Amino acid sequence: MRKVTDEGDSLMHDKWGGNERMGFKTILTEEYRKQYHSDWPNKTIVDYLNEAIKNNPDKVALIDKKSRYTFQELGKLVDRVALGLYEFGLRKGEVISFQLPNWNEFVILYLAATKIGAVSNPLIPIYRDREIGYMVKHAESKILVVPDEFRGFDYPEMVYRLSVQWPSLEHVFVLGNKTPSEMKSFSLLMDEPWEEKRDCAILDKVVLDPNEVNEIIFTSGTTGEPKGVMHTHNTVLGSSRALVPHLALTCDDIVFMASTFAHQTGFLYGVLLPIIIGGTAVYQDIWNPNEFVELIEKEKITFTTAATPFLQDFIRVENMNQFDLSSLRYFSAIGAPIPRAIVKEAREKLPCKIMSGWGQTENGLVTLTSPSDTEEKLTGTDGRAYSETIVKIVDEHGNPCPANREGSLLTKGPALFVGYLKRIEQTLSEHDGEWFITGDQAVMDEDGYIKITGRNKDIIIRGGENIPVAYVENILYEHPDISIAQIVAMPDKRLQERACAFIQMKPGTEPITLESLKVYLTEKGVAKQYWPERVEVIDDFPRTPSGKIQKFRLRQLIEEKLNPKVQTNS
C-alpha cells in the first residue's frame with residue numbers, strides 16, 4: 001500500500017483541492033463532482049419531504065411512543081421549528097448538535113435545521129462527559145438540544161459541567177418537562193407559532209446545494225479522539241436511496257428503527273429512508289424485542305435494519321406465535337456476521353427474508369446480500385457491492401488480490417464521505433488516490449461477495465457498535481494504580497465480541513476489579529458502551545523481541561480461558 005509522505009500530501013492536495021465549503025475543508029473537488037454527478041440524487045431531504053407532502057399529505061409519516069404525525073403535519077412543524085431556530089440565530093453553515101433518542105422530535109429538528117442550511121451533528125444518547133465535551137467543542141456547535149432525562153440520566157446537569165468548554169455555544173434547548181432556568185424549553189420551538197411571527201419567505205430564500213456538508217457524525221477513533229465524519233446531502237441520500245431498488249421499497253412500506261439515530265444505520269435507514277420513499281416510520285427509543293413483535297402486528301411493519309444481536313433477540317421472543325408477523329418482508333442484519341444457526345432459526349420462525357451487509361460511518365451500507373441469495377452466501381459472506389459504490393481487495397503493494405486471497409479492503413463511490421472535520425491530513429492519509437482505505441481485511445470470492453476477516457484498525461465491534469480501543473486504553477492509563485492496560489476482543493455468542501482489559505498493576509497496589517474499574521470509568525465520564533466487560537490482571541505481557549505487546553496472544557489467552565477445550569497456536 002502506498003504511504004502518503006509529505007511530498008505525497010502535497011500531490012494529494014493538488015488532486016483533491018481541499019476546497020472550503022461552509023467553513024469545512026473537504027475533498028469534494030470539481031473533478032469529483034463531475035465523476036459522481038449522475039449517480040447522486042442531486043436533491044436534499046427537504047425535496048423528498050415536499051414530494052411526500054404533495055403526494056400523500058394525510059399519510060402517517062412518523063410514529064413513536066408519544067406521538068404520530070402525517071406528512072402535512074410534519075411539514076408544518078418543520079417550518080415552525082426552522083423559523084424558531086432562525087429566530088435564535090442559527091444560520092446556514094452553522095452547526096446544531098442534538099443528543100436525542102429515537103423520538104419524532106429528532107426528525108423534525110434535523111429537517112428544520114436542513115431547511116435553513118444548518119449542519120446537523122447527531123450525538124448518541126449514551127455518550128457522556130468525555131465524548132460530548134470533545135464532540136460539541138470540535139464541531140463548534142452554536143445550538144445544543146438534549147432531553148431533560150432519558151434512562152435515568154440528567155442531561156442538563158452534564159451540560160452545566162461541560163458548557164465552559166464550548167465558547168461557540170449560544171443556546172441549549174431541553175426537551176421534556178424540566179428545563180433549568182439558564183436553558184430554554186424545546187417547546188419554544190415546537191409550540192410557539194413562529195409562522196405567525198415571522199415571514200415564512202425567509203425559508204424559501206435559503207438556497208441549498210446538494211454538495212454542501214449536511215451532517216457531521218462522529219465515529220470511534222483509534223488514536224484517542226473520535227473523528228467527525230462529514231457527509232453532504234448527496235452522499236447520505238445516495239447511500240439511503242440505494243436500498244430502494246434493491247428491495248423494491250415503495251410508499252406502502254412501513255420502516256421500523258430501533259438503532260439510535262445518531263448511529264449512521266439509524267440515521268440513513270430510520271430518518272432518511274422513510275421520507276425518501278414517502279412511507280411510514282415507526283420508532284423505538286429503547287430496543288425491546290417483545291414490543292417489536294407487537295408493533296409489527298399493530299403498525300404492519302414491512303422492513304427494518306439493525307445489528308445482528310437484534311435479530312437474535314427477535315427470534316427468541318417466547319410468545320412470537322401469538323402475533324401476526326406476515327407484513328414483515330425484510331430484516332437486514334449488519335455490523336457483524338450472522339451465525340448460520342441464527343439464520344436457520346430465523347428462516348424457520350420468521351416470514352421475512354434475512355440479509356447481511358457491511359458498511360461504515362464513512363460510506364454507509366456498501367455490501368449487502370440479496371433476498372434470493374443462498375444460505376451459504378448469507379451466512380458466509382458480508383454481501384457484495386449492491387449500488388454505485390464499488391470495493392476491491394489489494395495486497396500490501398496495492399495490487400488487486402485474486403479471488404479468495406485476503407487483503408486490505410478499499411472502497412469508492414458516490415456515498416463516500418467528504419472528509420474528517422478539521423482533519424484534512426488524516427483524511428488524505430486514509431485514501432489511496434480516490435479509494436478509501438477502510439482499515440478492514442477481507443476476501444472476495446469469484447462472485448464478488450466479500451467476507452471481513454479482520455481489522456488492521458484497532459477496534460472492537462460489539463454487536464455492530466465500534467469500541468475505540470486506544471481511546472479507552474488512554475483513559476485506563478490515567479488510573480494511578482495501573483501500570484499497563486491493553487484491551488482486546490473476547491468472543492461472545494450473542495454480540496460477537498466484547499471488550500476484555502488486560503491490566504498490570506503498579507508495585508504495591510491492590511489488583512483492580514471489574515466493579516472498581518466501572519466506578520473509575522463512571523467518574524471519568526466514559527460511555528458504558530466503551531467499558532471493558534472483563535478484567536484480567538497479569539504480571540507481564542507477551543511481547544515481541546523489540547518489546548511490542550503481542551495483542552494476538554492476549555486474544556488467544558482470553559479465548560482459551562473462556563473455552564479451555566480450544567487451544568490456539570502461538
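Quick caveat: nothing in here was measured; it's all calculated off a predicted structure.
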Short side-chain to backbone donor-acceptor contact, E131 and R128, under 3.5 Å: yes
How far apart are the closest heavy atoms of P309 and L495, and which atoms are they? CG-CD2, 3.4 Å
Which is it for K518 and E533 under the salt bridge (Lys or Arg N to Asp or Glu O under 4.0 Å) test, yes or no, and what are the steps along the way? CA-CA 9 Å; K518 289 179 179 178; E533 297 178 77; over 6 Å; no
Six-ring centre of Y86, R91 cation under 6.0 angstrom, axis tolerance 45°: yes
Contact check, side chains of T438 and Q360, non-hydrogen atoms, under 4.5 Å: yes
Look at the side chain of S141 and the backbone N and O of I143, then say whether any donor-acceptor pair between them is shorter than 3.5 Å. no
Interatomic spacing from CZ in F71 to CG in L62 - rounded to 0.5 Å: 7.0 Å
Mark yes or no for whether Y155, through its side chain, and P125, through its backbone, hold a donor-acceptor pair below 3.5 Å. yes
Show the numbers, then the answer: is there a side-chain contact (heavy atoms from CB on, under 4.5 Å) between L100 and V146? CA-CA 6 Å; L100 296 178; V146 297; 5.6 Å; no
Quick one: does W194's side chain have a donor or acceptor within less than 3.5 Å of a partner on A82's backbone? no
One thing to verify: whether D313 and R494 come together as a salt bridge, which I'm taking to mean a side-chain N less than 4.0 angstrom from a carboxylate O. yes
Side-chain (R423) to main-chain (G228) donor-acceptor, under 3.5 angstrom: no
With no hydrogens and no angle check, is any side-chain donor or acceptor of D148 less than 3.5 Å from a backbone partner on N177? yes
Hydrogens and angles aside, do H263 and S259 bring a side-chain donor and acceptor to less than 3.5 Å of each other? no
Validation row, ring centre F292 to ring centre W287 under 6.0 Å: yes
Measure the shortest side-chain to side-chain distance between F98 and L144 over non-hydrogen atoms and say whether it is less than 4.5 angstrom. no
Where F173 and S185 come nearest, the two heavy atoms and their spacing: CD2-O, 3.6 Å
Are side-chain N/O atoms of Y127 and Y530 paired as donor and acceptor at under 3.5 Å? yes
side-chain contact (heavy atoms from CB on, under 4.5 Å) assessment of L273 paired with L243: CA-CA 8 Å; L273 180 62; L243 264 185; 4.2 Å; yes
If you round to the nearest 0.5 Å, how far is CD1 of I286 from CG of N102? 10.0 Å
Show the numbers, then the answer: is there a side chain to side chain donor-acceptor pair (under 3.5 Å) between Q165 and Y134? CA-CA 9 Å; Q165 304 177 23; Y134 173 82; over 6 Å; no
So, N214 versus Y110: side-chain donor-acceptor pair below 3.5 Å or not? yes
Quick check with a 6.0 Å cut-off and a 45 degree axis cone: is K66 positioned over the face of W103's six-membered ring? yes
Is it true that a side-chain atom of E297 and a backbone atom of D324 form a donor plus acceptor pair closer than 3.5 Å? yes
Smallest heavy-atom separation, A262 atom then I217 atom, equals O-CD1, 3.3 Å
Would a 4.5 Å heavy-atom cut-off, applied to side chains only, mark I342 and T308 as touching? no
Donor-acceptor check, side chain of N55 to backbone of E51, threshold 3.5 angstrom: yes or no? yes
Does any N or O in the side chain of N319 come within less than 3.5 Å of the main-chain N or O of Q322, such that one atom is a donor and the other an acceptor? no
Here the pair of heavy atoms bringing L90 nearest to V95 is CD1-O, 4.2 Å
Which heavy atom in L268 sits nearest to a heavy atom in S240, and how many Å separate them? O-OG, 3.1 Å
Just checking, any donor-acceptor pair under 3.5 angstrom between side chains of N104 and S67? yes
Any side-chain donor near an acceptor of the partner, T232 and N211, under 3.5 Å: no
How long is the span from the NZ atom in K524 to the CG atom in L476, to the nearest 0.5 Å? 10.0 Å
Between F106 and F261, is the ring centre distance below 6.0 Å? yes
Under 6.0 Å from the NZ atom of K353, do we count more than 12 heavy atoms belonging to anything else shown? no
Between F331 and F310, is the ring centroid distance below 6.0 Å? no
How about NZ on K137, more than 12 heavy atoms from neighbouring residues, nucleotides or ligands closer than 6.0 Å, or not? no
Step-by-step salt bridge (Lys or Arg N to Asp or Glu O under 4.0 Å) determination, K92 to E212: CA-CA 10 Å; K92 183 175 181 179; E212 290 171 336; 3.1 Å; yes
Distance-only donor-acceptor check, side chains K184 and H171, under 3.5 Å: yes
Apply side-chain contact (heavy atoms from CB on, under 4.5 Å) to M230 and V119, showing your working. CA-CA 10 Å; M230 297 187 294; V119 180; over 6 Å; no
Taking the side chain as C-beta and beyond, is there a heavy-atom pair between I45 and H233 under 4.5 Å? no
Should the pair E291-K65 be classified as a salt bridge under the 4.0 Å nitrogen-to-oxygen rule? no
Within the 3.5 Å criterion, strictly below it, is a donor on Y420 or E362 matched to an acceptor on the partner's side chain? yes
For R241 and I276, which heavy atoms make the closest approach, and how far apart are they? N-CD1, 4.1 Å
Is a side-chain N or O of D492 found less than 3.5 angstrom from the main chain of E497, in a donor-acceptor match? no
Rounded to the nearest 0.5 Å, what's the gap from CG on N363 to OG on S387? Could you check? 9.5 Å
Audit row: E215, Q264, side chain to side chain donor-acceptor pair (under 3.5 Å) steps and yes/no: CA-CA 10 Å; E215 178 202 37; Q264 200 70 326; 3.1 Å; yes
Does K178 pair with E149 as a salt bridge, N-O distance under 4.0 Å? no
Ring centres of F303 and Y269 under 6.0 Å apart? no
Test side-chain contact (heavy atoms from CB on, under 4.5 Å) on L123 and I132; report intermediate values, then the result. CA-CA 8 Å; L123 301 167; I132 296 301; 3.8 Å; yes
Check each of K300, K59, R329 against D253 using the salt bridge (charged side-chain N to carboxylate O under 4.0 Å, His left out) test, and report the only one that passes. R329
Is there a side-chain contact between M320 and F314 (heavy atoms, below 4.5 Å)? yes
Given the ring of F218, does K227 sit roughly above its face, with NZ or CZ under 6.0 Å from the centre of the six-membered ring and within 45° of the axis? no
Mark yes when over 12 heavy atoms from residues, nucleotides or ligands other than E478 sit less than 6.0 Å from its CD; otherwise mark no. yes
In this structure, CG of L111 is separated from CD1 of I116 (nearest 0.5 Å) by 12.0 Å
Rounded at 0.5 Å granularity, tell me how far NE2 in H231 sits from CG in L416. 7.5 Å
Within the structure provided, determine whether L521 and P532 are in side-chain contact (heavy-atom separation under 4.5 Å). yes
